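Quick note: numbers below take in every heavy atom, side chains included, and nothing from hydrogens, waters or symmetry partners. Because the structure is a prediction, the values reported are computed rather than measured.
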Amino acid sequence: MIRILFLLLTVFSLKVSGQEAPVDYPKGMDSYDGGEVQFYRDFHQILIDKRLKPCKDKNELYNLKLVVYEDASVKYGIDNSSAASNNKCAFELGIKVLEYMNKWKPAVINGIKKPAVTSFLISPDIMFNRYKDGYTTQDIATILEMPGGMSRFRAEVARQIDISDFVWNKPFKLVVTFVVSNEGKMENVQLKESSGNSEFDQRILDGIKRMRKKKWTPAKRNGEPVESFYTLPLNFNPPR
């Protein structure tokens with residue numbers, strides 16, 4: 001049984017009056033010098049150096065979203081959602097640590113720096129007590145299970161999608177995210193990492209969306225079911 005880490009998705013809003021609207025970071029481009037590994041390494045070290053205090057509730061987990069601007073400055077979103085209030089310590093700890101982080105890298109698109117949105121999962125318990133060098137977001141966001149396990153889910157995805165009319169000669173990866181509600185329903189299916197072909201991406205998304213009737217086992221907090229965030233990487237090898 002895979003242990004489930006739950007994540008209440010945040011409602012992210014940022015006042016950008018007079019500024020260019022933030023974009024998503026291009027595929028393969030890091031928002032922090034050294035990538036996620038260095039981000040979590042620095043985060044952990046700051047907790048130690050600044051003698052910050054851990055959260056009383058070890059189950060707190062928060063998806064901290066922020067914008068990195070052209071001058072490498074950052075701003076975090078105004079979050080009035082239940083995710084922030086229910087994980088207040090994780091939220092406030094993440095904001096506190098951000099004050100000491102200075103390795104941000106602006107997004108560069110067509111040679112021009114752009115303000116862009118990035119996000120990191122903040123689990124105080126892991127960062128204080130169970131951190132291991134080399135951790136990434138994927139290490140923290142443990143995959144949820146559905147009846148029959150991930151093998152069955154991937155097989156279901158394959159049955160829902162016809163990609164026989166696409167041809168490629170190199171392996172690639174596509175990453176999809178979605179929410180499992182406290183009722184076990186799949187919601188908010190989104191593309192996190194593109195294949196580079198928008199038509200192919202949409203074909204995959206449409207296939208996964210057709211599976212929304214499938215029942216999932218929701219994560220629990222203090223014995224109560226809660227919304228959870230799920231990352232699904234899909235690898236594609238060249239057809240034989």
Side-chain angles (χ1 to χ4, degrees), residues 4-16 19 21-25 29-50 52-69 72-107 115-132 134-143 175 177-180 188 190 192-193 219 221 226-231:
I4 297 175
L5 286 177
F6 52 86
L7 170 65
L8 298 177
L9 289 185
T10 64
V11 176
F12 181 66
S13 61
L14 187 66
K15 295 181 179 179
V16 291
Q19 295 178 319
V23 299
D24 292 327
Y25 267 82
M29 186 176 294
D30 292 323
S31 60
Y32 196 80
D33 191 13
E36 291 182 344
V37 170
Q38 190 62 48
F39 173 87
Y40 286 114
R41 183 181 292 142
D42 288 351
F43 194 104
H44 175 69
Q45 194 60 48
I46 290 169
L47 294 178
I48 297 172
D49 293 345
K50 301 301 178 180
L52 300 179
K53 296 181 179 180
C55 298
K56 293 182 180 180
D57 185 353
K58 293 184 177 182
N59 291 323
E60 286 201 19
L61 184 65
Y62 183 77
N63 188 30
L64 181 63
K65 290 189 176 183
L66 50 96
V67 173
V68 181
Y69 288 93
S73 64
V74 297
K75 292 183 180 179
Y76 58 88
I78 299 171
D79 192 353
N80 297 316
S81 71
S82 60
S85 60
N86 291 337
N87 298 273
K88 184 179 179 180
C89 179
F91 170 74
E92 293 180 345
L93 185 68
I95 298 304
K96 183 66 177 178
V97 172
L98 283 183
E99 296 177 9
Y100 304 102
M101 306 190 85
N102 57 6
K103 298 178 182 177
W104 300 105
K105 297 175 60 178
V117 178
T118 188
S119 64
F120 297 90
L121 294 185
I122 305 301
S123 169
D125 180 50
I126 290 177
M127 298 311 297
F128 271 105
N129 305 315
R130 292 181 285 158
Y131 171 77
K132 293 182 180 179
Y135 268 5
T136 65
T137 296
Q138 188 60 44
D139 293 312
I140 296 175
T142 305
I143 296 176
V175 181
T177 62
F178 57 87
V179 175
V180 174
N188 197 25
Q190 296 184 358
K192 179 179 181 181
E193 183 174 326
R221 182 183 184 195
V226 295
E227 287 185 339
S228 303
F229 178 82
Y230 176 43
T231 300

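Residues passing the side chain to side chain donor-acceptor pair (under 3.5 Å) test with Tyr25: none are found, sequence neighbours excluded. Under the rule for a side chain to side chain donor-acceptor pair (under 3.5 Å), Lys53 has no partner lying at least two apart in sequence or in another chain.
A 4.5 Å side-chain heavy-atom check between Ile126 and Leu121 finds every atom pair outside the cut-off. At least one side-chain heavy atom of Ile122 sits under 4.5 Å from a side-chain heavy atom of Phe43. Side chains of Leu66 and Trp104 form a contact here, defined as non-hydrogen atoms less than 4.5 Å apart.
The CG atom of Leu47 sits 4.0 Å away from atom CZ of Phe128, with the distance rounded to the nearest 0.5 Å. Rounding to the nearest 0.5 Å gives a distance of 9.0 Å between CD of Glu92 and CD1 of Ile95. Atoms CZ and OG, from Phe39 and Ser31 in turn, are 8.0 Å apart once rounded to the nearest 0.5 Å. To the nearest 0.5 Å, the span separating NE2 on His44 from CG on Asn129 amounts to 9.5 Å. In this structure, the separation between CG on Leu52 and OH on Tyr100 is 6.5 Å, given to the nearest 0.5 Å. Rounding to the nearest 0.5 angstrom, the gap separating the CZ atom in Arg41 from the CD atom in Glu36 is 12.5 Å.
Smallest separation of non-hydrogen atoms from Arg130 and Tyr135: O-OH, 3.3 Å. Across every non-hydrogen atom of Ser119 and Lys65, the tightest pair is CB-CG, 3.6 Å. Thr136 and Tyr40 make their closest contact through C-CE1, 3.7 Å (heavy atoms, listed as atom of the first residue, atom of the second, distance). Residues Tyr62 and Ala90 share a closest heavy-atom pair of CB-CB, 3.9 Å. Closest approach of Val67 and Pro22 over heavy atoms only: CG2-CG, 3.8 Å.
Under 3.5 Å, the side chains of Tyr32 and Asp42 contain a donor-acceptor pair of N or O atoms.
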